[in-house]
Amino acid sequence: VYGWSQLEQRGDSFGAALIMAASFAGLIIGTLFAGRLIGRFGARSTALAGVWVSVLAAAAIAALLHAGYADPFAIAALAALAAAAIAGRL
């Protein structure tokens, strides 16, 4: 979704690809650490923390896009954080 908005707002296909690749990388990295986090803090605490981190990252992306600041690197970093948080609650 974020990559599509980058493509629509700026016509930047490289930025869209960067954002989508960062989201995928965040999902993979988050999956690698999710088991350790669940073992240490418990499944419920990890899921709640993952939900809140994901919500905050999505809100920050929405605020950046609404303000017209569509820098692909900032959005890619936040998208990777959101994807890693989603992986932690699966």
Are Ile19 and Leu64 connected in a single hydrophobic cluster, I mean Ile/Leu/Val/Met/Phe/Trp/Tyr linked by side-chain heavy atoms less than 4.5 Å apart?
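Yes, Leu64 connects to Ile19 through the hydrophobic network.
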
Which heavy atom in Ala79 sits nearest to a heavy atom in Ser23, and how many Å separate them?
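So the minimum-distance heavy-atom pair works out to CB-OG, 3.3 Å.
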
Identify the heavy atoms of Ser54 and Ala85 that sit nearest to each other, and give their distance.
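Scanning both residues, the minimum pair turns out to be N-CB, 3.8 Å.
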
My understanding is that only residues two or more places apart in sequence, or in another chain, count here; which of them pass side-chain contact (heavy atoms from CB on, under 4.5 Å) with [X]?
| X | result |
| --- | --- |
| Ala57 | Leu81, Ala82 |
| Phe73 | Leu18, Asp71 |
| Leu65 | Ser5, Gln9, Ile61, Ala70, Ile75 |

